[in-house]
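Step one of this worksheet: look at the structure below.
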Amino acid sequence: MQLAAEQSMTSVGFCVVTTTKRAYPLEDATHIAFRTVRRFLENHGNSIETVVFTVSEAEEPVYNKLLPLYFPRSDEEEKFCLPLIPADIGNSEGEPVVPERQIRITEKPGSLEDEYEEESLELDLGQVGTHAFARMEGDVDKQRKLILQGQMSEAAMQKQHQRNYSRWLCRARAEDLSDIAALKALYQTGVDMCGRTVMVVVGRNIPVTLIDLEKALLYFIHVMDHITVKEYVMVYFHTLTGEHNHLNSDFLKNLYDIVDMKYKRNLKAFYFVHPAFRSKVSAWFFTTFSVSGLKEKVRYLDSLQQLFTCIKPEQIDIPPFVLEYDARMNGPYNPSEASNL
């Protein structure tokens with residue numbers, strides 16, 4: 001439920017968590033599920049419209065019996081079900097109170113929050129005292145609930161943002177993204193004049209109306225995560241893009257909000273090559289009103305000649321159609337002119 005609210009979902013579905021193999025009483029588990037959802041909706045559920053419980057034939061009778069207790073359709077139905085309330089009604093969130101669970105270590109110790117696996121003994125020794133198991137925390141669940149209530153500190157908000165990004169990164173590394181990779185819309189090339197990695201985005205190769213945009217976001221994270229640990233620049237070729245190639249501002253805002261802080265901190269320049277007037281206006285509105293700190297990094301370049309003053313021609317792989325378009329619109333590339341710019 002917390003994740004559903006954080007991701008601005010309007011609906012969420014649950015299977016039955018308890019199983020006979022684990023010997024947890026089905027009726028007790030059903031009470032926990034219903035009351036937890038009910039109390040969450042009362043406290044934080046303004047944006048959630050639908051909750052679905054998916055049950056088997058064996059579980060359905062218990063769910064049908066207890067559902068009216070927590071979600072009654074009438075006063076009579078509520079009164080009829082009151083005798084079914086268990087002695088233990090959990091905490092304020094509906095969760096069972098188990099003292100041992102109050103002992104917390106940082107979320108998912110040993111996962112992607114420890115950014116990279118270190119292979120050498122020397123590097124492993126350097127992790128002593130900094131590994132997730134060595135970093136005790138307060139109750140993570142309470143911290144996340146404070147976020148929903150708008151009471152979280154900036155440091156805690158950043159911590160939560162890092163957790164969210166780690167989940168996206170886990171998905172990006174686990175899913176098959178070969179169909180997105182085949183588009184050749186995002187790739188690494190050489191370095192710029194300052195030795196910074198150059199990443200290329202080819203607008204015409206993004207069939208926005210045909211692809212799964214969530215998978216596109218995952219692919220971006222998968223490719224960029226290790227690049228953004230150091231300073232880098234991006235080159236976006238807007239050359240010959242059509243309406244069906246334009247990523248809308250909601251997708252871009254979502255991407256900007258999800259990615260780790262290193263993406264924003266280490267991006268040193270965004271070269272917008274062959275912009276149209278409309279794209280300039282859209283980019284201005286987006287960088288002015290939707291994101292912060294990006295506007296001053298965007299540079300509009302009408303020709304490859306201008307781009308080559310920042311990145312040497314041999315350091316960037318340019319699609320043939322971009323070269324042909326630029327030669328047609330701006331004439332053939334002249335190295336002597338580039339040196340004078």
Discussion item. List the residues meeting ring-ring contact (aromatic ring centres under 6.0 Å, His included) with F285, not counting sequence neighbours, and say none if there are none.
Written reply: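 With neighbours one apart ignored, the set is F289.
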
Item to complete: Go through the structure and list residues passing ring-ring contact (aromatic ring centres under 6.0 Å, His included) with Y300, not counting sequence neighbours.
Response: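 Per chain and number, Y300 pairs via ring-ring contact (aromatic ring centres under 6.0 Å, His included) with F272.
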
Within-4.5 Å side-chain heavy-atom neighbours: [X] and [Y]:
| X | Y | answer |
| --- | --- | --- |
| L213 | I211 | yes |
| M1 | T36 | no |
| P86 | D28 | no |
| L217 | W168 | yes |
| F71 | V37 | yes |
| I206 | L183 | no |
| L3 | M9 | no |
| V201 | F270 | no |

Separation of [Y] [atom2] from [X] [atom1] (nearest 0.5 Å):
| X | Y | atom1 | atom2 | result |
| --- | --- | --- | --- | --- |
| H226 | M224 | NE2 | CE | 9.0 Å |
| I258 | L169 | CD1 | CG | 12.0 Å |
| I316 | F237 | CD1 | CZ | 4.0 Å |
| Y232 | L267 | OH | CG | 4.5 Å |
| D317 | Q188 | CG | CD | 10.5 Å |
| S282 | L252 | OG | CG | 10.0 Å |

Within 6.0 angstrom of [X] [atom1], more than 12 heavy atoms from elsewhere:
| X | atom1 | answer |
| --- | --- | --- |
| F80 | CZ | no |
| L84 | CG | yes |
| M193 | CE | yes |
| K184 | NZ | no |

Joint cluster assignment, [X] & [Y], ILVMFWY side-chain distance < 4.5 Å:
| X | Y | result |
| --- | --- | --- |
| L66 | V52 | no |
| M261 | V233 | no |
| V322 | L240 | yes |
| I318 | M329 | yes |
| L307 | V191 | no |

Going by the salt bridge (charged side-chain N to carboxylate O under 4.0 Å, His left out) test, which pairs reach into [range], not counting sequence neighbours?
| range | answer |
| --- | --- |
| residues 278-304 | E243-R278 |
| residues 60-74 | E27-K65, R73-E77 |
| residues 213-223 | R171-E214, D179-K215 |
| residues 246-256 | K253-D257 |

Tell me the closest heavy-atom pair linking [X] and [Y], and the distance in Å.
| X | Y | answer |
| --- | --- | --- |
| S279 | H238 | CB-NE2, 3.5 Å |
| C81 | L69 | O-CD1, 3.3 Å |
| V223 | I227 | O-CG1, 3.6 Å |
| V12 | A4 | CB-CB, 4.2 Å |

So, the side chain of [X] versus the backbone of [Y]: is there a donor-acceptor pair under 3.5 Å, distance only?
| X | Y | value |
| --- | --- | --- |
| Q315 | K312 | no |
| K264 | L294 | no |
| S11 | E49 | no |

Worksheet item: Which residues satisfy the side-chain contact (heavy atoms from CB on, under 4.5 Å) test with H222, sequence neighbours excluded?
Response: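 Testing H222 for side-chain contact (heavy atoms from CB on, under 4.5 Å), a comparison that skips the adjacent residues, returns A172, R173, L177.
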
Discussion item. Test: side-chain hydrogen bond (donor to acceptor under 3.5 Å, both in side chains). Region: residues 318-332. Which pairs qualify, not counting sequence neighbours?
Written reply: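 Counting only pairs at least two positions apart or across chains, the side-chain hydrogen bond (donor to acceptor under 3.5 Å, both in side chains) contacts touching residues 318-332 are H274-D326, D326-N330.
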
Worksheet entry | Residue pairs, two or more places apart or on separate chains, that pass side-chain hydrogen bond (donor to acceptor under 3.5 Å, both in side chains) and touch residues 194-212 |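 Every side-chain hydrogen bond (donor to acceptor under 3.5 Å, both in side chains) pair that includes a residue of residues 194-212, provided the two are not neighbours, is D192-R196.
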
Worksheet item: Of all residues at least two apart in sequence or in a different chain, which pass the side chain to side chain donor-acceptor pair (under 3.5 Å) check with H31?
Response: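 With sequence neighbours excluded, H31 shows a side chain to side chain donor-acceptor pair (under 3.5 Å) to Y70, given in chain and number order.
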
Discussion item. Under the rule for side chain to side chain donor-acceptor pair (under 3.5 Å), what residues qualify as partners of R38, not counting sequence neighbours?
Written reply: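 Checked R38 against side chain to side chain donor-acceptor pair (under 3.5 Å); matches are E42.
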
Worksheet item: Run the side chain to side chain contact (heavy atoms under 4.5 Å, CB included) check on T30 and F53 step by step: do they pass?
Response: CA-CA 10 Å; T30 307; F53 295 97; over 6 Å; no

Worksheet item: Would D260 and Q162 count as a side chain to side chain contact (heavy atoms under 4.5 Å, CB included) if you check the C-alpha gap in whole Å, the side-chain angles of each, and the deciding distance to 0.1 Å?
Response: CA-CA 6 Å; D260 192 49; Q162 177 60 41; 2.4 Å; yes

Worksheet entry | L26/V16 under side chain to side chain contact (heavy atoms under 4.5 Å, CB included): CA gap, chis, key distance, verdict | CA-CA 9 Å; L26 174 60; V16 177; 4.1 Å; yes

Fill in: Pairs meeting criterion ring pair (Phe, Tyr, Trp, His ring centres under 6.0 Å) with involvement of residues 171-220, two or more places apart
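Checked against ring pair (Phe, Tyr, Trp, His ring centres under 6.0 Å) - neighbours excluded - no pair reaches residues 171-220.
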
Discussion item. For Y263 together with Y256, are the ring centres under 6.0 Å from each other?
Written reply: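 Aromatic pair excluded; centres sit 6.0 Å or further apart.
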
